[in-house]
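Report on one structure; see the data block that follows.
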Amino acid sequence: MAERTLGVIGGSGLYDLPGLERVERKRVETPFGDPSDEFVVGHLGDTRLVFLPRHGRGHRLLPSELPYRANLYGMKTLGADCVLAVSAVGSLREEIVPGHVVVPDQFIDRTRGRQAESTFFGRGVVAHVQFADPFCPVLSRALVAAARAAGSTVHEGGTYVCMEGPAFSTRSESHLYRSWGAQVIGMTNLQEAKLAREAELCFATLALATDYDCWREGHEDVQIDDILRVIAANVDGARKTVAMLAPSLPPRTGCPCPRALENAIITDRAAIPAQTKRDLAPIAGRYL
């Protein structure tokens with residue numbers, strides 16, 4: 001049986017994972033350009049782990065500048081079969097207090113201009129994956145249990161609004177998202193989830209609430225220095241959650257993720273350019 005490998009994408013404040021053993025740093029060349037940074041490959045106990053700081057060390061990349069395709073392509077080629085995205089988010093609900101954790105189960109897309117970074121396909125091959133339930137339910141349940149075991153206050157389920165950024169919401173937008181029933185707002189996870197589904201990776205998000213966005217009267221509007229203080233407190237809990245999740249990765253059964261491309265590619269295989277087939281071999285080779 002192949003060794004299980006957990007991919008972890010570290011968001012704001014989470015730029016490393018202490019405790020990894022047998023550590024190697026790997027640069028990955030991809031058809032989609034360079035990833036955000038080097039990948040850190042090691043073991044957490046008996047579990048192999050691949051870590052990538054989403055914004056690069058030193059937090060150099062805007063959400064709209066992130067090489068999402070290269071990042072997920074690298075995760076896949078380095079052997080990840082499931083990916084945990086750790087992300088700072090704003091809370092849209094009174095009960096989701098800054099410092100709490102949300103494991104969302106839905107998205108609303110408010111990004112624009114990221115179409116190219118939202119799919120591995122194109123360039124002569126067309127695929128349409130199912131995305132009605134964008135998070136892996138099996139991995140998400142395991143993540144909820146791990147976060148609770150790590151001592152976090154966890155909200156299971158909820159809708160993540162993914163906005164373009166880098167500016168935060170206007171007050172009217174924040175109230176609009178609340179009226180839609182959303183729970184949290186962030187700037188990065190939607191593209192990662194779409195690409196993970198196309199790459200047949202299980203995907204879950206550990207959303208770390210840092211603030212109340214700007215909807216809540218009597219609460220100061222979003223200030224980056226306040227957010228950074230909450231992030232610093234959240235990072236320790238995120239690391240503990242990863243340490244709890246790694247040895248208890250669930251089997252890849254009972255979810256659609258490992259077969260997401262089975263009936264998704266509609267292009268005549270004979271019409272797909274040879275270079276595109278070579279580029280997509282790690283993602284979809286068995287179907288091409």
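None of these values were measured; they are calculated from a predicted model.
Contact of the H155 side chain with the H100 side chain is registered, since non-hydrogen atoms from C-beta on lie closer than 4.5 Å. By the 4.5 Å heavy-atom criterion applied to side chains, R141 and E156 are counted as neighbours. Residues V40 and L20 have side chains in contact (heavy-atom distance under 4.5 Å, counting atoms from C-beta outward). In this structure the side chain of T188 reaches within 4.5 angstrom of the side chain of H55, judged on heavy atoms. Taking the side chain as every heavy atom from C-beta outward, V101 and L206 approach each other to under 4.5 Å. At least one side-chain heavy atom of L49 sits less than 4.5 Å from a side-chain heavy atom of L17. With contacts defined as side-chain heavy-atom distances shorter than 4.5 Å, the pair V41/V23 does not qualify. Looking at heavy atoms from C-beta onward, R110 lies in side-chain contact with V161 at the 4.5 angstrom threshold.
In this structure a side-chain-to-backbone donor-acceptor pair under 3.5 Å is missing from Q106 to A182. With Q183 contributing its side chain and T159 its backbone, the two residues share a donor-acceptor pair below 3.5 Å. Looking only at distances, a side-chain donor or acceptor of D105 sits under 3.5 Å from a matching main-chain atom of G158. Using modelled atom types, one side-chain atom of R171 and one backbone atom of C214 make a donor-acceptor pair closer than 3.5 Å. At least one donor-acceptor pair under 3.5 Å links the side chain of R269 to the backbone N or O of T267. Side-chain atoms of S179 come within 3.5 Å of backbone N or O of L176 as a donor-acceptor pair. A donor-acceptor contact shorter than 3.5 Å is absent between the side chain of Y73 and the backbone of I283. Not a single donor-acceptor pair under 3.5 Å links the side chain of R239 to the backbone N or O of N234. When atom types are taken as modelled, the side chain of R178 and the backbone of L92 share a donor-acceptor pair closer than 3.5 angstrom. Side chain of T276 to backbone of G124: no donor-acceptor contact under 3.5 angstrom is found.
Classification of D37 and R25 as a salt-bridged pair fails, no side-chain N sitting under 4.0 Å from a carboxylate O. Under 4.0 Å is where a charged nitrogen must lie from a carboxylate oxygen, and between E200 and R252 no such pair does. Looking at R57 and E38, a side-chain N of the basic residue comes within less than 4.0 Å of a carboxylate O on the acidic one, giving a salt bridge. Using a 4.0 Å cut-off between charged nitrogen and carboxylate oxygen, R123 and D279 count as a salt-bridge pair.
Contact between N71 and F39 at its shortest, heavy atoms only, is O-CZ, 3.6 Å. Contact between Q130 and R197 at its shortest, heavy atoms only, is O-NH1, 3.0 Å. The heavy-atom pair separating Y160 from P104 by the smallest distance is CB-CB, 4.2 Å. Minimum interatomic distance between G33 and A70 (heavy atoms only, all atoms of both residues): O-CB, 3.5 Å. The minimum heavy-atom distance between A209 and I96, with the atom names listed, is CB-CG2, 3.9 Å. Here the closest heavy-atom approach between residue M163 and residue R114 is recorded as O-NH2, 3.6 Å.
Side-chain contact check for Y212 and R93: no donor-acceptor pair (N or O, by modelled atom type) lies under 3.5 Å. Defined by atom type and a distance below 3.5 Å, a donor-acceptor pair is present between the side-chain atoms of R54 and S87. Side-chain atoms of N189 and T205 form a donor-acceptor pair, as typed in the model, at a separation below 3.5 Å.
A single hydrophobic cluster is not seen to contain both F135 and I108; linkage of ILVMFWY side chains at heavy-atom distances under 4.5 Å, directly or through other members, places them apart.
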Full working for side chain to side chain contact (heavy atoms under 4.5 Å, CB included) between L288 and I272: CA-CA 8 Å; L288 301 177; I272 300 173; 3.7 Å; yes
Stepwise side chain to side chain contact (heavy atoms under 4.5 Å, CB included) test for L6 and R48: CA-CA 6 Å; L6 171 64; R48 186 169 178 269; over 6 Å; no
Stepwise side-chain hydrogen bond (donor to acceptor under 3.5 Å, both in side chains) test for T119 and E198: CA-CA 7 Å; T119 180; E198 288 186 348; 2.7 Å; yes
Test ring-ring contact (aromatic ring centres under 6.0 Å, His included) applied to F32 and Y68, step by step: CA-CA 9 Å; F32 305 102; Y68 294 99; over 10 Å; no
Derivation and outcome, side-chain hydrogen bond (donor to acceptor under 3.5 Å, both in side chains), residues S174 and D213: CA-CA 7 Å; S174 194; D213 205 42; 2.6 Å; yes
Side chain to side chain contact (heavy atoms under 4.5 Å, CB included) between V83 and E192, worked out: CA-CA 9 Å; V83 172; E192 292 168 351; over 6 Å; no
Audit row: M187, E164, side chain to side chain contact (heavy atoms under 4.5 Å, CB included) steps and yes/no: CA-CA 6 Å; M187 300 179 186; E164 190 68 34; over 6 Å; no
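Across L261, L280, N263, a single residue satisfies side-chain contact (heavy atoms from CB on, under 4.5 Å) together with Y287, and that is L261. The side-chain contact (heavy atoms from CB on, under 4.5 Å) test with C136 singles out one residue from P256, C202, P258, and that residue is C202.
Here the CG-CD distance, from L78 to E24, works out to 10.0 Å after rounding to the nearest 0.5 Å. Separation of atoms NZ (K76) and OG1 (T5) is listed at 11.5 Å; rounding is to 0.5 Å. Atoms CZ and CG, on R60 and L66 in that order, are 10.5 Å from each other to the nearest 0.5 Å. Note that CG of L139 is 9.5 Å distant from CZ of F203, once rounded to the nearest 0.5 Å. Distance check, rounded to the nearest 0.5 Å: CG of L201 to SG of C82 gives 8.0 Å. Of the inter-residue distances, the one linking L143 atom CG with M244 atom CE reads 13.0 Å to the nearest 0.5 angstrom.
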